[in-house]
Amino acid sequence: VVVFLEGAGTAKCYTVSLQGALPSWEMKREIKKRKEQGGIKAVGKKKNKMNGGYSFEEDEVLRREQLPLRRPKNILWRIGDYFFGWGDEEGHKTTQGTAGWLRAAVLGANDAIVSVSALMIGVAINEDATQTDVLTAAIAALIAGAMSMALGEYVSVSSQYDMEQADLEKEMWELQNNWEGEMVELAEMYEKRGVSKETALEVAKQLMKTEKDALEAHAIEELGIRDFTAAQPFQAALASFFCFLIFGIVPVVAGGFITERLPCIIVTAGTALLLLMASGAVGAVLGGAPWWRGTLRVGIGGALAFVATAAVGYGADKLQITSKS
């Protein structure tokens, strides 16, 4: 990649060697960052066959600069980083700004697979159960579960938002009424991290130039609030609702229309376990953990839920706890 930098009245051209086959969109993001920082005036391409990468030169290769690019570990993370910005400029994985709806979506999806499938198995194992009974119970669980998850997420995230706003209002009042004391308090926080007293006080002064900056600094260091817009109740509720419906409909379609009880149980349980293990593997990979760890964790949890509801259905059958009794 040829990048021309302005300098001392002449256009300079620097050489950048990319390590490995980095995707083009990552290179574009780095160039965009450099443009925003100033200096980059034009971008071109020149293939360097010597090192197998792209390079650009400054006055006959007088110096070479390597950009701090890092290759994401896997294709799933590259996709997430491309669409949602999960990686920062140094390649660190972060869900800041997306953590609220992402958490709600994951919970909705996993809860749908487990709860709908488990209920179907619990009903189907009863000898008196018909295919209509299983399908009716599955659809009812699907609708009720989606509404329940959406309402739960909305109430939960709303409560979180209200608490954050209350803490921020209290912190703003303290800043307006005790500015010097809050500055000393912020400096003491940095001292506890090993910063000298003089440096800590200077850092606190620099971070508290305005009320907005001061509130942000205290929110991060004192309250642990790093993203003021993270708590979005309606967004979390929608993510949970639609993910529950989308993932919950899979076991319904897979086993809800099978007339025989045993095949219905086997297909429903097998489909649900495959979905759970796949979601666990994807979640582990996106989080940087070994894929097998997430697979085992979610798979074992789902299997235990199926066994528990099957035991309830079997016990009800043996105790004659049916609609006929």
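Computed from heavy atoms alone, side chains included, the values below leave out hydrogens, waters and symmetry copies. Because the structure is predicted, anything quoted here is derived from the model rather than measured. Numbers here are sequence positions counted from 1.
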For the residue pair [Y] / [X], report whether a side-chain donor-acceptor contact shorter than 3.5 Å exists.
X: Glu164; Y: Gln160; result: yes
X: Thr136; Y: Asp133; result: no
X: Ser156; Y: Ser159; result: no

Original post:
Which other residues belong to the hydrophobic cluster containing Val267, where Ile, Leu, Val, Met, Phe, Trp and Tyr are joined when side-chain heavy atoms lie under 4.5 Å apart, directly or via other members?
Top reply: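 Joined to Val267, directly or through intermediates: Ile258.
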Subject >> Test applied, side chain to side chain contact (heavy atoms under 4.5 Å, CB included); reference residue, Leu215; option that passes from Glu174, Met172, Glu182, Met208 >> reply: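 Passing option: Met172.
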Any side-chain heavy-atom pair of [X] and [Y] under 4.5 Å:
X: Met183; Y: Trp179; result: yes
X: Cys264; Y: Arg261; result: no
X: Ser117; Y: Thr271; result: no
X: Leu207; Y: Tyr190; result: yes
X: Phe244; Y: Ser115; result: yes
X: Glu191; Y: Val195; result: no
X: Leu142; Y: Ile249; result: yes
X: Lys197; Y: Glu188; result: no

Original post:
Looking only at atom types and distance, does a side-chain atom of Gln131 sit under 3.5 Å from a main-chain N or O of Gly256, one as donor and one as acceptor?
Top reply: yes
Original post:
If you measure from the Lys or Arg side-chain nitrogens to the Asp or Glu carboxylate oxygens, is any gap between Arg193 and Glu221 under 4.0 Å?
Top reply: yes
[X] and [Y]: which non-hydrogen atoms are nearest, and at how many Å?
X: Ala104; Y: Ala239; value: CB-CB, 4.5 Å
X: Val123; Y: Ala129; value: O-CB, 3.1 Å
X: Ala141; Y: Leu119; value: CB-CD2, 3.3 Å

Subject >> side chain to side chain contact (heavy atoms under 4.5 Å, CB included) evaluation trace for Leu262 with Glu260 >> reply: CA-CA 6 Å; Leu262 184 58; Glu260 298 295 328; 6.0 Å; no
**OP:** Test side chain to side chain contact (heavy atoms under 4.5 Å, CB included) on Met149 and Asp111 and set out the steps.
**Re:** CA-CA 9 Å; Met149 286 294 294; Asp111 189 34; 3.1 Å; yes
Following the transitive rule for hydrophobic clusters with a side-chain heavy-atom cut-off under 4.5 Å over Ile, Leu, Val, Met, Phe, Trp and Tyr, establish whether [X] and [Y] coincide in one cluster.
X: Ile265; Y: Val312; value: no
X: Val307; Y: Val298; value: no
X: Phe257; Y: Phe247; value: yes
X: Met277; Y: Leu304; value: no

**OP:** Tell me, with the steps shown, if Tyr314 and Thr309 meet side chain to side chain contact (heavy atoms under 4.5 Å, CB included).
**Re:** CA-CA 9 Å; Tyr314 183 79; Thr309 53; over 6 Å; no
Subject >> Candidate pair Phe306 and Thr268, rule side chain to side chain contact (heavy atoms under 4.5 Å, CB included), full reasoning >> reply: CA-CA 10 Å; Phe306 300 156; Thr268 300; over 6 Å; no
**OP:** List the steps, then state whether side-chain hydrogen bond (donor to acceptor under 3.5 Å, both in side chains) holds for Gln206 with Glu202.
**Re:** CA-CA 6 Å; Gln206 293 296 323; Glu202 180 61 28; 3.0 Å; yes
